[in-house]
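These numbers come from the heavy atoms of this one structure, side chains and all, not from hydrogens, waters or symmetry mates.
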Amino acid sequence: IYRFLYSDEVQIGPETVMTTLYTAKKYAVPALEAHCVDFLTKHLRADNAFMLLTQARLFDEPQLASLCLDTIDKSTIDAISAEGFTDIDIDTLCAVLERDTLSIRESRLFGAVVRWAEAECQRQQLPVTFGNKQKVLGRALSLIRFPLMTIEEFAAGEFGVLCLTVRPHLCAGHLGLD
């Protein structure tokens, strides 16, 4: 940061960009913040979009967050398959699940959400059980659009049981209970 303040030179790399952005925000150096955001924007890909979205939300960078969401929308399958997907926080997960522009079948999205819940159980040192997955998902589970799944997709795996537990009025039609 000192080099930038005195010479307007900046050397940002993948290993230093987040700490540099943090420091620029902490010491109110908007020009350096802009350099960091530009660097992140240029290096945004589907496989790092969730990690960058989490950071953009943490550092209050709405333009970067918007670009991340656009990338996730366009390449949802690649983004949820990336290693960093299961590391996101619950608020970021909910922000993505609230979108209706994702390019993925709801059943596949739900499979990724279940993977996230399993990772979250492990982070919280909880046994990976049906009840604990439901607990860590909280309101995120209600953002899954179960009625968009086919009957076959719905009948597979945990979909039906989770749906009946969270939103029985929306699931009744799938199970012939209405």
Do [X] and [Y] come within less than 4.5 Å of each other through their side chains, counting heavy atoms only?
X: L21; Y: L40; answer: yes
X: S103; Y: I77; answer: no
X: M51; Y: D87; answer: no
X: F110; Y: M149; answer: yes
X: L93; Y: L137; answer: yes
X: F50; Y: I80; answer: yes
X: E120; Y: I90; answer: no
X: C94; Y: R139; answer: yes

[X] side chain to [Y] main-chain N or O, any donor-acceptor pair under 3.5 Å?
X: N48; Y: R45; result: yes
X: S75; Y: D78; result: no
X: T86; Y: W116; result: no
X: S66; Y: P62; result: no

Evaluate F59 against E33 for side-chain contact (heavy atoms from CB on, under 4.5 Å), listing each step before the verdict.
CA-CA 10 Å; F59 289 120; E33 286 179 41; over 6 Å; no
Taking atom [atom1] of [X] as the centre, report whether more than 12 heavy atoms of other residues, nucleotides or ligands fall under 6.0 Å from it.
X: K25; atom1: NZ; result: yes
X: E98; atom1: CD; result: yes
X: Q124; atom1: CD; result: yes

Please give me the minimum heavy-atom distance between [X] and [Y], naming the atom from each residue.
X: C36; Y: T20; value: SG-CG2, 3.5 Å
X: A28; Y: P30; value: O-CD, 3.2 Å
X: R57; Y: A95; value: NH1-CB, 3.6 Å
X: T150; Y: R105; value: CG2-NH2, 3.6 Å

Can you tell me which residue among D73, L52, T41 is in a side-chain contact (heavy atoms from CB on, under 4.5 Å) with C68?
L52
State which residue, out of I104, T71, V96, fulfils the side-chain contact (heavy atoms from CB on, under 4.5 Å) condition with T76.
I104
Working to the nearest 0.5 angstrom, can you tell me the gap between L64 CG and L44 CG?
7.0 Å
What's the separation between atom CG in L102 and atom CG in L97, rounded to the nearest 0.5 Å?
7.5 Å
Under a single-linkage definition using a 4.5 Å side-chain heavy-atom cutoff for Ile, Leu, Val, Met, Phe, Trp and Tyr, are L126 and V128 assigned to the same hydrophobic cluster?
no
For the pair E106 and I144, evaluate side-chain contact (heavy atoms from CB on, under 4.5 Å) and give the outcome as yes or no after the intermediate values.
CA-CA 7 Å; E106 202 70 15; I144 299 295; 4.1 Å; yes
What about the rings of H43 and F39, do their centers lie closer together than 6.0 Å?
yes
Ion pair present between R115 and E118, side-chain N to carboxylate O less than 4.0 angstrom?
no
Test side-chain contact (heavy atoms from CB on, under 4.5 Å) applied to F85 and I72, step by step
CA-CA 11 Å; F85 170 73; I72 292 166; over 6 Å; no
Would you tell me whether T92 and D89 have side-chain atoms, one donor and one acceptor, within less than 3.5 Å of each other?
yes
Please evaluate residues D100 and R145 with respect to the criterion side-chain contact (heavy atoms from CB on, under 4.5 Å), reporting the C-alpha separation (whole Å), side-chain torsions for both, the decisive distance (0.1 Å), and the verdict.
CA-CA 10 Å; D100 61 2; R145 296 168 293 198; 3.5 Å; yes
